[in-house]
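A short write-up of the structure that comes next.
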Amino acid sequence: MENILKEFERDQKELIHILHRVQEEFGYVSPPAISAIAKHLKISENEIYSVLTFYKAFSLEPRGKHIVTVCMGTACHVRGAPRLVDDASREMGVDVGQTTPDKHFTLETVNCLGCCAIGPVVVVDGKYHSYVKRMDSIIKEYSEGR
Amino acid sequence: MKLTIDGKKIEAEGKKSILDVARENDINIPALCDHPILGPFSGCRLCIVEIQGRRGFAPSCSTYAEDGMEVKSDTPQLRKTRKEILGLILTEHPDACLICTEKQSCDEFKSTIRKVGEVTGCVLCSNNGRCDLQDVVEAVQIDKVDFPSVYRDLEVKKNDPFFDRNYNLCILCGRCVRVCHELRGASTVHFVDRGPEAVIGTALDRTLHESGCQFCGACVDVCPTGALTERAVKYEPLPDGTAKILCPLCGMGCELDVMLSNGRMLSAKPAEKGTVNQGQACVKGRFLIKDVVISPRRILQPMIRRRKELEEVSWEEALDFVAQKIKTYKGNEIGFITSPQLSCEDNVVAEKFAQEVVKTRNVGMSTGFTPLDSLWHLEQKNGISPSFHFNKEDIARAKVIFLTGTDLALSHPMLWLEVLKAVRNGARLLVASPFEIAGSRYASSWLPIKPGSEDLLYRCLSKMILKEGEVGGHDLEGYESFRRSLEKLNLSEAAEVTGIDEKSLRRATEMLMRGKPYFIAGMGLTPSSGENKNIASLWNLSLLCKGKLIPLGLENNQRCIFEMQRNNSRKTKLLSQILQAVREGQIKALYTIGPIPLDKKIKTELLIVQDSYLSGIAERADVVLPATTFAETDGTFVNVEGRTQSYSRVIQPIGESKPDWWILSQLAKKRGKKNFAYKKSQDILKEMKKRIPSLKKPSSAHTKRGKQKFVPLRARYHGTKIGKKFPFILSSDYSLDTYRNLVLSSEIKGFEMVRNARWIMINPEDAKTLKLEEGEGIIMESSVGKKKGVAKITEAVPQGTVRASFLWIEGTEEAFNPLPVRIKRGK
C-alpha cells in the first residue's frame, strides 16, 4: 500500500487514480486502504467512501480471480440474458455481486456494453464472449485450478 | 447594476446570485438546497427562473445577477415545472400530510403525535411546524403528486449522541454534507451510493462518532426536513418564544437562542446573527446548555452543615450565619476565590467584597498561567507593548497562520472556523503540535514536535529567519542581544530535541517569511514551572516575522479578570498561592465562588462555597450558597478577542438560587456596608467601567503602542527529562469542559462519548506494551500527584506520549506541561 501511495502526489485530484491502482493491485479497496489514502491525501475517509460507492468500477470487498460480467442491456435482455444470469448464479452458487467462497469467481451484471449486435454478451476478465447460449461451458473454461 | 425581477426594478451591487438579490428585495423564490450560509449547489432545481434572452430555465441560486437582466420567477410554465420537480422530490418523502385536503382542519384540531416508530406524515413528525419542506410545499402550492411514492424503509440511526438520523425523510439536498465540509471542515457525512440507492452516510456505515464527528450540530440546524432531529426537543412542543444568551463554556462568547415553552428551557441553538458565531456553535453550545442549566445537581436552597450533614436553611439564616462567621476571623486568615467563569459584574462585586468587607489580601481570581497572563508578565517585566485585542475576522484574512499549543477546533471553535476560511482563501497553515489535531489535516505543514520543546522550536525558526536575512525587527531594541543569544544554537542538535528536521524547519521558515503571520498561542504553551519561556521566544519570533501574536485564554470571562488585574493597584494573588497558604495553614477560612481542586490537603476550619452545583468541593462545604447560572441572571462577558457582550435573564432562577452579586451584596449589608446597595446587575455598571477600562472603549484600551522590543532569552534550553521511573510524557489538553463545579462529561452522557474528561489518550503500540484495552481504568502517576482515568487508544498520540484533559478540579491547581508520568492499570 505504501509503495502504491508513493507513486502519487499528495493532491486530492489523484484520488480516483489511486483508487484504480489499489483496485487493480488488490482486486478491491479495503478499509485499511481507505484510511491510508485518507492520510496520504489529507481528506476524510467519508469523502473517499463517497467516491468509492459512486463508481461501479470499485469494489469494497475482495473479488474473485475471474470476474464474470453478464450484459443486461435491452438487446441482451430480450435475447435471454436473465436466463444466463440465473444459470451462472446456480452454477457458481452465488448471487449477482457476490464472490464464490473459494474466491474463484465473481458474478456481476452491467447495463449495456454497447455491442448489442453480438448479444447476449458475457465478459470474463475483459474478454468478450458473443452470442452466448449457455453459461456452463464458459464457467468450465475458467474453472481450471479451482 | 440594475435589473428587474418579476417586473420590479432593482438595484444591486457586487457579485450576487439572482436568488440572493430577489431575497433582499422580498421576492420569494422557493428553494430547498440553498442556504444563506452555504455556497450555491443547484441540487433541488426549485429556484429556477426565466431570464429574458436565455434558453431554458436557470437555477437562480447559482446564476449571477447581471446588469440589465430581466428575470421572471413566477410564470405559468415555471409554476408547472416547479410542481413537477417538487413532486419528484416528494416521491421519497412521506407526502400524505403535505398534500392532504384536510390539512387545514387537521392543523387546527390535531396535535402532533410524535412518539411513533415510523414517521409517515407530518402529524407524526417532530419537525412539524418548523420544516422548510412544508414551507416550500406551501409556496409551490402542490396539491397532488403524480409519481408513485417510495418508502425506503431505512433503519433510523440512533447510535450517536444528541440527535437521530432518519434518512427516510431525507430529500438529499446535501445541506448537511456541505455545511460539514464547507464550513466546519469535518467532512463527516457525504453522499453514499448513487441513483435510487443514494443516501447520506459515513464511510463503511460507521456511526458519526466513529467517523470523526464533533457534534457541532450544524447539520441539524440546516436540515430542511425532520431527517436530522435533536433528541432533546423531539418530543417537546414547538417553542413559544426564544431568548438570547451568551454561552459560557469557552472564551468565544457565542450568542445562542434559547427555545422556551411556557418559561421552560427546551434547548439552545446558535443565533443566526450572533456577532461572534453567525449561526454556528460547537457541541457544548448546541447540545449541552439545557443540561448545564437544568442539572439534577443544582443547589436549590442554602445549606449549613450540622451534625456532619448539609441541612437546608432559609437565605436569612444562611446569610446571618456567614456574616457572623466571617467576623470571627482576622482578614488575612480568610481566603477568597472568584472565577473567570463569572460575569464582570459578579467579579467586580466579589473583589470589592473581599477587599472592603472581608478585608483580606488573600484574593485569588485566576490561575494566572494562560498565554494571556504570560504575555502580560512580559509586558510588566520587559516593557514590551503587546496588543491583546484582535478581531477574529482578521484571522480569516491572514496569509500565514501559525497554530501552536492548542487544538483550536476544541478550545476556541469559532476561531478555528476563521482559520478554515483563511485556508480556503489560500492561506498557509503551520501547526506545531505533538498530536494529530483537527488542524493537522488542513495544515500546509504540521510539525509534530516533542512535547515541551516549543521554546526551542521557536528559537530554531528565529535562527533560520536570521540566516535567510530580511523580514523585520532589525532596528528594535534588544535585536542584537537576541541575535547573539541564537548564535550558539546548534540546529542539528536542536533537531534531536524537537524532533523536527532541518528540511521541515526550512519549509516552515519559508512559510513564515511570506508575510505577516498570525501566531495563535494556546494553553498548551503553559510552562512546567516558572516564567513562560515559550511565550517569550514566540514573542521574539513574531517580531522577527512582523507578525501578530494572539495569546489565548481559557475561561469565558478570562479577559475580564485579566483587565481587572492589569488595571489594579491592589494586587490579587494567583489561585495556587491562595491554595498553598491553605495547605500551610495560614488561611483558616475559605470563601470560594470558583471551583478549586479536590485536594485532601485543602482543609480549613470554615469552607463557604457559593456555587450552582452540589459537586466537587461544594460537597465538603460547611455552608453552601446557591448561585444562579448564566441563564437566570443578567451580566457581561469579555471574550477572547476583548469584545464586550452582555446577556440577560431568560428563565426564572431555579430553586432559591440568587445571582452571585446579590448574595455578596446582601452579606455586605449584613456587615453594615452601605456601598453595596445594588438592586439589579445594571447598578454595578458604573463601578465596572471604572475597574475594567476597556469596557468603555474596547479597541483603544489595548493598543497604546509603546516601543516594541525583543525580550532577552538567556536561559539555555533544557528538555523534559524522561527517566525509567516516569517513562511517558504527559501533554495536557486544554478546553473548558466544566462550568463552575460541574464537570460536563461526568454529568452529560452524550458528551462523555464525545470528549470524556477522564480519557487518557495513548498510542496503540504503547497500549500493547502495557497490555491496555480501550476503556480500561488506568492510573497516571507523576512526581506531583496522580490522576485516575480511562484508556483511550488512538494513533493521534505519538509513542511515548500521553494526552489527557487538564481538569484541575480533579488534580492540582498548578499546570505542569509537559510532565513525565508513569501509567499503570487500575481503578
Side-chain angles (χ1 to χ4, degrees), chain A residues 1-2 5-6 8-16 18-20 22-23 26-63 72-74 77 95-99 108-112, chain B residues 157 160 165 172 174 176-214 219 409 420 423-424 428-429 431 436-446 448 507 764 794-796 798:
Chain A
M1 195 61 217
E2 272 168 36
L5 289 175
K6 264 186 213 152
F8 298 91
E9 267 181 73
R10 284 173 183 272
D11 193 327
Q12 283 188 34
K13 68 172 196 281
E14 300 285 350
L15 176 59
I16 292 196
I18 297 176
L19 292 177
H20 272 303
V22 173
Q23 176 76 38
F26 302 103
Y28 76 116
V29 184
S30 65
I34 296 177
S35 71
I37 298 168
K39 280 221 174 71
H40 185 78
L41 297 181
K42 295 187 186 175
I43 56 178
S44 91
E45 294 185 21
N46 309 305
E47 285 169 274
I48 297 172
Y49 190 75
S50 175
V51 173
L52 268 174
T53 53
F54 188 89
Y55 295 102
K56 266 215 156 157
F58 305 124
S59 169
L60 284 157
E61 273 149 33
R63 296 210 289 178
M72 291 287 276
T74 317
H77 197 280
D95 281 337
V96 173
Q98 290 181 340
T99 302
E108 285 181 351
T109 60
V110 65
N111 287 339
C112 190
Chain B
K157 297 187 187 301
D160 282 301
R165 295 180 289 150
L172 294 168
C176 53
V177 174
R178 282 143 63 212
V179 80
C180 194
H181 178 74
E182 284 175 26
L183 241 94
R184 309 299 306 217
S187 303
T188 305
V189 284
H190 220 293
F191 293 102
V192 171
D193 283 327
R194 61 172 173 175
E197 303 291 311
V199 68
I200 306 293
T202 55
L204 304 160
D205 205 19
R206 295 173 180 138
T207 59
L208 291 177
H209 178 56
E210 292 164 334
S211 308
C213 181
Q214 286 298 330
C219 54
L420 265 181
V423 170
R424 299 215 191 280
R428 298 301 177 95
L429 175 62
V431 173
E436 195 180 335
I437 59 171
S440 311
R441 176 140 64 97
Y442 289 92
S444 308
S445 177
W446 167 33
R507 260 173 61 101
T794 167
E795 276 177 9

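Every chain is numbered from 1 and lettered A, B, ... according to where its sequence line falls, protein lines coming before strand lines. Bear in mind that the values here come from a model prediction, so they are computed numbers and not experimental data.
Of the two parts of A198(B), neither the backbone nor the side chain holds a non-hydrogen atom closer than 4.5 Å to a non-hydrogen atom of chain A. With a 4.5 Å cut-off on non-hydrogen atoms, E436(B) touches chain A through its side chain but not through its backbone. Only the side chain of K39(A) comes within less than 4.5 Å of a heavy atom of chain B; its backbone N, CA, C and O stay farther away.
Within the 4.5 Å cutoff, the side chain of T53(A) has heavy atoms near those of the L60(A) side chain. At a threshold of 4.5 Å between non-hydrogen side-chain atoms, the residues D160(B) and R165(B) count as touching. You'll find the side chain of S59(A) reaches within 4.5 Å of the side chain of Q23(A), heavy atoms only.
Considering only residues two or more places apart in sequence or on other chains, Q214(B) meets the side chain to side chain contact (heavy atoms under 4.5 Å, CB included) condition with L410(B), V754(B), R755(B).
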